[in-house]
A.B. asks: 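For reference, the structure I am asking about is given below.
As a basis for the values below, the full set of heavy atoms in this structure was taken, side chains included, without hydrogen atoms, waters or symmetry mates. None of these values were measured; they are calculated from a predicted model.
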There are 4 protein chains.
Amino acid sequence: MPNEHLKDEPAKEKPENPITASAAGEKRGDKYQRILEAAVEVIAEHGFFNARVADIAQRAGVADGTIYLYFKSKDQILMAAISNAFGAFLELARAEVKSASEPRDQLRRLALLHLTSLGSNRNLAIVFQTELRQSARFLAQFSQHQLKQYFDLIREVVRKGQDQGVFRGDLSDKIVANCFFGSLDEMVTSWLLSERDYSLPGAADAVVDVILGGVETRRPS
Amino acid sequence: MPNEHLKDEPAKEKPENPITASAAGEKRGDKYQRILEAAVEVIAEHGFFNARVADIAQRAGVADGTIYLYFKSKDQILMAAISNAFGAFLELARAEVKSASEPRDQLRRLALLHLTSLGSNRNLAIVFQTELRQSARFLAQFSQHQLKQYFDLIREVVRKGQDQGVFRGDLSDKIVANCFFGSLDEMVTSWLLSERDYSLPGAADAVVDVILGGVETRRPS
Amino acid sequence: MPNEHLKDEPAKEKPENPITASAAGEKRGDKYQRILEAAVEVIAEHGFFNARVADIAQRAGVADGTIYLYFKSKDQILMAAISNAFGAFLELARAEVKSASEPRDQLRRLALLHLTSLGSNRNLAIVFQTELRQSARFLAQFSQHQLKQYFDLIREVVRKGQDQGVFRGDLSDKIVANCFFGSLDEMVTSWLLSERDYSLPGAADAVVDVILGGVETRRPS
Amino acid sequence: MPNEHLKDEPAKEKPENPITASAAGEKRGDKYQRILEAAVEVIAEHGFFNARVADIAQRAGVADGTIYLYFKSKDQILMAAISNAFGAFLELARAEVKSASEPRDQLRRLALLHLTSLGSNRNLAIVFQTELRQSARFLAQFSQHQLKQYFDLIREVVRKGQDQGVFRGDLSDKIVANCFFGSLDEMVTSWLLSERDYSLPGAADAVVDVILGGVETRRPS
DNA sequence: AATGAATGAGTCTTCATTCAT
DNA sequence: GATGAATGAAGACTCATTCAT
């Protein structure tokens, strides 16, 4: 488990695929991971509904039938891929929160992690941005559970900030979390649709600036 | 109905489904619209890929084959439905911007329109939140064009605010627009996934508060 | 054609496929029947589990998908084919019973009908002999219902004969019906497995002779 | 080979599974038999075509691949199971015939054996009633051979009875054998489809009564 | 213009069989 | 001999699209 990643800030110095990387580790053998990775690639390329199981198998270098030794159905592959990757991300996010104690700092780190993680794995980003919502509705279990945990993590930080008086107390923590997540999410989306000629993590500060600016209590100059 | 929000803005006095409503007008006859509306309903219910053309036809009260007198393919239906609805929304958004002159006011109005429009038509909201991104990738033309116009509208307001000195000049207008749109977008998404037991437009002020708070130049107290 | 077997039994003067024939009549259009007939042919040839839907479609002269406009599943085709044919046979059997009043005569006629019907349509006979029992277990509804009615018809005749004193009263009507049906059934099976170089209806008298001989009350010579 | 079962008549006092029992004997080792028995169970439960080799393997407590060390194919398993069981039954039947000399007595014993054997092993009965005919057509060699031998045995008894003048000479021995076998066969089938709340061997006398009654020469009272 | 029966290409999934260990 | 993971061929079924009426 690649969680020993950051004391101070070194995490951002080696940001390649923090999510996928942590998913490795031979869980259920090599093929399980290969299929999962192939699935993310193919789904990113064609979208879930246009992705053929045969393509995933081929890209994973296994026979079609082998897929079904590891997954019950095509749906399950998507679920597993998202859940797997998001679960890893969630761990990182929690570690990130723990690695700091000041709420503003914590949000800043979360934002950076969010953009770094997705910015370093385009395929995963695509799956997250386009398939996650689909699955949220149709394969409903997922987002209700894991995504909510991410939100809860953000909300906790917000509430702590409010308790400490560094964040405005007149805002719903839920709305703040929505703005925070939504802003980051949209950054990723627009980055995906763009030529991706700029650094996504590089925009983290600006985004945090905006959100924190609206959330912080005004310090009389 | 979250409409009693403004005093002297006649435009919003008939806000029920501002998007869909404006799409009416017998374009290419009654059936065209009926099919479009049926498509939004069915797609909202099952998702684009699980929506069957036969279902759309049935809900529209026409024969399967009739669909193809009006649309070239299933893809075209989704495109048209989104484009149609979004085009109407875009008009409203432009009118909203014109109806005010102060940038902060303009953003406030846009936010309210955004949340009111989607908050008053659940089906359309679903299609926007879940299918729009898919289509952005697969039926690519759309978002590149119409969604960009919406973004550009926001960015213009932001830039104007920066020029006038009411918004911080050190922020990229694009990033601000992303935060603005992303926040609203996430509000809608979380509202859809929730029990929808609260008023979406009612949250507009809070969202604008956060974003504007981070964007406005700090007035020395 | 084994039809010239009887002098004064008008019912049997047009016995070509009494079962299938009566099933005709454009029920649900031409294709429904064509598919059913094709199904019987293909199933007779390969057995139900080895029969491919595509083959049935081809033999019926329709597209694969067309099958599913008329039947819900492959199983349903078998069910329908058997039920359809057996229903028609059941009607004939009832008519046959009504056409005579003397129990021995009634059994004689039933036997002749049984052998004539299956003897004149080899494919149907195969399906009945080999697939009926399978379906009795797996598509259980059928035999529980229709086949039971045939048995009940036989048992009624037997009971009437017992009441009238022409049949031994010390035998269970169920066992007698089993012997009667089983004997006929086995005649068909062995005929199917043989070269079919003899007339099946021609054996009716002998079978009835044996069964009746064992069932009749002994008339003192 | 447990065939030393009857001197006079005790055979019927311990009728549990005469067929299966005789099949034992470590032919080609323990696993061969275990697989055969598992096959009968699984096939009885699901039917041959719905029975998976993996299920048979599991029930036999061996690995999937092991099956193929003992059998060439799935078809071969069915063939072997039926052949094995029927071969044992055939031996019993021959012994039964030898154990008596009077034709009527011989038929009576055969009937009792038939009903006892199948009545004491439901799974085997199912396989015989439902799969035997299938295999008769598709795995053709079998019934043409073994089943024919059983028929021939019956026919010999019948012919001997005719020669001795105890059976009517005007009946085809084949037809009589068909009636005899068919009646017994149907008894088993109807017993299987019923709740099996009655004793199958208990019906032997009645069946023999009917058949013999129709076959015996009438003794002038 | 409208219909809706018909089409048939496309794909997920199963499972008998193999073979490296 | 024994295993069981892996294979991949095969087939039922769906549904967007067409076209004769």
A.B. asks: For the pair made of CG in A:Asp55 and C1' in E:dG10, what is the distance, rounded to whole Å?
C.D. replies: 12 Å

A.B. asks: Got a sec, which residues hit side chain to side chain donor-acceptor pair (under 3.5 Å) with A:Gln129, two or more places apart in sequence or on another chain?
C.D. replies: A:Asp185, A:Thr189

A.B. asks: Give the rounded distance in Å between these two atoms: CZ of D:Arg34 and C1' of F:dA2.
C.D. replies: 12 Å

A.B. asks: What integer distance in Å separates A:Ile35:CD1 from F:dA6:C1'?
C.D. replies: 11 Å

A.B. asks: Of the candidate nucleotides F:dA2, E:dA1, F:dT7, which contains the atom at the shortest distance from the side chain of B:Leu69?
C.D. replies: E:dA1

A.B. asks: Between the protein and nucleotides 17-20 of chain F, are there any N/O to N/O pairs under 3.5 Å, and if so, what are the atom names and distances?
C.D. replies:
| from | atom 1 | to | atom 2 | distance (Å) |
| --- | --- | --- | --- | --- |
| F:dT17 | OP2 | B:Tyr68 | OH | 2.7 |
| F:dT17 | OP2 | B:Lys74 | N | 2.9 |

A.B. asks: What residues form a side chain to side chain donor-acceptor pair (under 3.5 Å) with B:Arg122, not counting sequence neighbours?
C.D. replies: none

A.B. asks: With a 4.0 Å cutoff (strictly under), does any side-chain N or O of B:Tyr70 reach OP1 or OP2 of E:dA2?
C.D. replies: yes

A.B. asks: Starting at atom CZ of A:Phe71, determine the distance to atom P of E:dC12, rounded to an integer number of angstrom.
C.D. replies: 15 Å

A.B. asks: Starting at CD1 of B:Ile67 and ending at C1' of E:dT3, how long is that distance when rounded to a whole Å?
C.D. replies: 12 Å

A.B. asks: Tell me which of C:Ala51 and A:Ala63 sits closer to the 5' end of DNA chain F, going by the nucleotide each one is nearest to.
C.D. replies: A:Ala63

A.B. asks: Quickly work out the C:Gln58 CD to E:dA9 P distance and round it to whole Å.
C.D. replies: 13 Å

A.B. asks: Give the dot-bracket string for DNA chain F, reading 5' to 3', where a pair is Watson-Crick or G-U wobble with both distances under 3.5 Å, ( ) marks pairs inside the strand, [ ] marks pairs crossing earlier ones, | marks a partner on another strand, and . marks unpaired.
C.D. replies: .||||||||||||||||||||

A.B. asks: Can you check whether A:Gln58 reaches A:Val42 side chain to side chain, under 4.5 Å on heavy atoms?
C.D. replies: no

A.B. asks: When you measure from the side chain of C:Gln76 to the backbone N and O of C:Phe71, does any donor-acceptor pair fall under 3.5 Å?
C.D. replies: no

A.B. asks: Round to the nearest Å and state the distance from A:Phe49 atom CZ to E:dG10 atom C1'.
C.D. replies: 16 Å

A.B. asks: Give a yes/no answer on whether the side chain of B:Lys31 brings an N or O atom under 4.0 Å of OP1 or OP2 in E:dA2.
C.D. replies: yes

A.B. asks: Please name all residues satisfying side chain to side chain donor-acceptor pair (under 3.5 Å) with A:Asp55, sequence neighbours left out, ordered by chain then number.
C.D. replies: A:Arg52

A.B. asks: Donor-acceptor pair, A:Thr130 side chain versus A:Ile126 backbone, under 3.5 Å?
C.D. replies: yes

A.B. asks: State which residues pass ring pair (Phe, Tyr, Trp, His ring centres under 6.0 Å) with B:Tyr68; sequence neighbours excluded, sorted by chain then number.
C.D. replies: none

A.B. asks: Please find the pair of heavy atoms, one from B:Lys74 and one from B:Phe49, that lie closest to each other, and give the distance.
C.D. replies: NZ-O, 3.7 Å

A.B. asks: Tell me, please, which residues at least two apart from C:Arg59 pass side chain to side chain donor-acceptor pair (under 3.5 Å).
C.D. replies: C:Glu41, C:Glu45

A.B. asks: Starting at atom CZ of B:Arg52, determine the distance to atom P of F:dC13, rounded to an integer number of angstrom.
C.D. replies: 16 Å

